[in-house]
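Every chain is numbered from 1, with letters handed out A, B, ... down the list of sequences. Heavy-atom basis, side chains included; hydrogens, waters and symmetry copies ignored.
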Amino acid sequence: MCGRYTLLTDAQQLAAEFGLAEAVAFVQRYNIAPTQEVPVVRILQDAAGQEMAVIRQQEPGGERRLDVLRWGLVPHWSRDPKPVFRMINARAETVATQPAFRDAFRRRRCIVPASGFFEWQRLMKDGKEVKLPHYIRRRDGRPLALAGLWDRWQGADGVVVESFTIVTCEANELVRSLHDRMPVILDRADYGLWLDPASRPEDLLGLLRPCPAEWLMEGRVNPVVNNPRNDVPDCISDLP
DNA sequence: CCAGACGTTGTT
DNA sequence: GTCTGG
DNA sequence: CCAGACGTTGTT
DNA sequence: GTCTGG
């Protein structure tokens with residue numbers, strides 16, 4: 001599962017990691033929650049759904065850009081711009097066939113950059129359930145590339161809402177003690193394949209598996225992160 | 001994901 | 001318990 | 001044909 | 001938009 005994460009990487013680092021055409025400034029975030037607007041990496045297509053041929057010749061797949069989208073997918077056919085259901089995650093196992101995701105999986109994939117993500121460990125203490133937040137990040141300090149899907153919703157009055165969801169898979173050995181699901185974390189060598197609108201579904205499905213546990217490290221953090229209103233550095237302060 | 005609220009009426 | 005807001 | 005659904009998680 | 005159920 002992935003329901004909260006951070007983005008602390010600076011614009012230059014992010015541009016280098018993801019091969020962005022332009023280093024776009026954005027706000028550093030310690031506590032990103034569903035429904036909020038956050039930057040994602042994607043390749044835009046023209047209205048006909050074709051990549052722009054000129055750009056494609058120079059850069060396979062087209063230009064990688066950083067755009068701000070809403071977390072919680074609103075399918076283009078929704079009556080409402082607010083999803084009736086909380087589509088903040090999409091299961092890797094069914095993403096190619098579920099009506100809400102399959103179009104996006106075929107042609108509108110993105111990478112959700114994150115410095116780390118949170119998982120809550122549920123424990124019973126004195127007969128009451130407590131939720132202990134844990135923070136998971138890469139050992140090598142690089143940002144995480146979370147596999148995402150996006151869509152564009154347009155209302156009758158012309159209002160446009162662009163939104164995204166994070167693909168999940170079964171948890172690896174490191175995350176399993178906290179939860180049985182985790183976000184799909186892409187290898188740097190696979191960024192191009194995932195982002196290229198022309199990639200074949202059968203190749204893409206091979207990427208949707210848990211990353212090696214050795215990539216990651218994990219530790220308990222301050223419960224101040226539990227409240228999404230607290231977007232402060234304490235959210236990732238380590239607890240013994 | 002967690003925190004916090006949790007109503008009714010009539011009209012479009 | 002269940003839904004909405006962040 | 002039209003109407004209605006379209007999702008994930010965790011918990012029971 | 002597209003599929004399923006009636």
Side-chain angles (χ1 to χ4, degrees), chain A residues 1-7 27 29-38 45 47-49 68-108 112 114-125 127-137 144 146-157 160-161 163-171 175-184 208 210 218 220-232 234-236:
Chain A
M1 179 61 194
C2 183
R4 216 76 76 76
Y5 67 95
T6 67
L7 183 57
V27 179
R29 297 290 308 276
Y30 293 91
N31 197 354
I32 295 169
T35 73
Q36 296 177 347
E37 305 214 317
V38 280
Q45 304 171 266
V68 173
L69 274 64
R70 183 181 191 271
W71 186 11
L73 194 86
V74 181
H76 58 92
W77 41 259
S78 282
R79 281 186 126 259
D80 258 60
K82 291 184 176 183
V84 178
F85 309 108
R86 299 279 94 94
M87 291 195 248
I88 65 169
N89 294 127
R91 293 174 65 85
E93 296 88 337
T94 56
V95 84
T97 52
Q98 288 290 349
F101 302 129
R102 62 189 165 199
D103 289 349
F105 174 67
R106 228 172 292 148
R107 306 191 303 109
R108 290 183 298 276
V112 183
S115 298
F117 65 96
F118 298 98
E119 294 284 1
W120 277 264
Q121 184 177 26
R122 290 160 178 268
L123 293 175
M124 296 301 289
K125 187 168 187 178
K128 287 182 179 177
E129 188 186 66
V130 291
K131 294 167 182 174
L132 302 176
H134 290 244
Y135 185 55
I136 298 117
R137 65 273 201 207
L144 303 167
L146 309 183
L149 311 172
W150 65 274
D151 211 338
R152 179 185 287 122
W153 179 92
Q154 187 159 9
D157 56 0
V160 171
V161 176
S163 61
F164 72 96
T165 188
I166 295 172
V167 181
T168 65
C169 58
E170 67 173 333
V175 178
R176 199 171 296 151
S177 60
L178 308 170
H179 265 289
D180 60 350
R181 307 287 298 177
M182 68 182 286
V184 171
L208 303 184
E218 172 278 310
R220 271 191 62 191
V221 287
N222 194 320
V224 75
V225 71
N226 288 14
N227 193 326
R229 288 185 174 87
N230 300 330
D231 190 0
V232 295
D234 267 352
C235 288
I236 56 171

When rounded to the nearest 0.5 angstrom, what is the spacing between [atom1] in [X] and [atom2] in [Y]?
X	Y	atom1	atom2	result
W77(A)	D151(A)	CH2	CG	9.0 Å
W120(A)	H179(A)	CH2	NE2	8.5 Å
L208(A)	C169(A)	CG	SG	8.0 Å

Ion pair check, R70(A) and E37(A), cut-off under 4.0 Å:
no
Are the charged groups of R220(A) and E119(A) less than 4.0 angstrom apart, N to O?
no
So, is [X] close to the [N] phosphate, meaning a side-chain N or O under 4.0 Å from OP1 or OP2?
X	N	answer
Q98(A)	dG7(D)	yes
R181(A)	dT9(D)	yes
T94(A)	dT8(D)	yes
T168(A)	dT9(D)	yes
R102(A)	dG1(E)	no

At 4.0 Å (heavy atoms only), tell me whether [X] reaches a base, stays on the sugar-phosphate, or touches nothing.
X	result
N230(A)	nothing
E93(A)	nothing
A33(A)	base
F101(A)	sugar-phosphate

Considering only the [atom1] atoms, how many Å lie between [N] and [M], rounded to the nearest integer?
N	M	atom1	result
dA5(B)	dT8(D)	P	30 Å
dT9(B)	dA3(D)	P	29 Å
dT11(D)	dC2(B)	P	9 Å
dT2(E)	dG7(D)	P	15 Å
dC6(D)	dC3(C)	P	14 Å

Using every non-hydrogen atom in the two residues, find where N230(A) and C235(A) come nearest and quote the distance to one decimal.
O-SG, 3.0 Å
Can you tell me the distance, in whole Å, between the [atom1] atom of [X] and the [atom2] atom of [N]?
X	N	atom1	atom2	answer
L149(A)	dT8(D)	CG	P	11 Å
L146(A)	dC1(B)	CG	P	16 Å
L132(A)	dC2(B)	CG	C1'	13 Å
F117(A)	dC1(B)	CZ	P	14 Å
E129(A)	dG1(C)	CD	P	11 Å
E170(A)	dG10(D)	CD	P	13 Å
D103(A)	dG7(D)	CG	P	12 Å
D151(A)	dT2(E)	CG	P	13 Å

Report the base-pairing partner of dG7(D) (Watson-Crick or G-U wobble, both distances below 3.5 angstrom), or none.
none
In the structure shown, which nucleotide is the Watson-Crick or G-U wobble counterpart of dC2(D), with both distances under 3.5 Å?
dG5(E)
When you compare the side chain of T97(A) with that of R102(A), does any pair of heavy atoms fall below 4.5 Å?
no
Under 3.5 Å between N/O atoms: give me all the protein pairs with nucleotides 3-5 of chain B, atom names plus distance.
| residue | atom | partner | partner atom | Å |
| --- | --- | --- | --- | --- |
| dA3(B) | O3' | N227(A) | ND2 | 3.4 |

When you compare the side chains of Q154(A) and H76(A), does any donor N or O come within less than 3.5 Å of an acceptor on the partner?
no
When you measure from the side chain of [X], which nucleotide among [options] comes out closest?
X	options	answer
H179(A)	dC2(B), dG10(D), dG7(D)	dG10(D)
R91(A)	dG6(C), dT9(D), dT11(D)	dT9(D)
A100(A)	dC2(B), dG7(D), dG1(E)	dG7(D)

Answer yes or no: is there a donor N or O on one side and an acceptor on the other, between the side chain of Q36(A) and the main chain of A33(A), under 3.5 Å?
yes
Under 5.5 Å and under 30°: W77(A) stacked on dC6(D)
yes
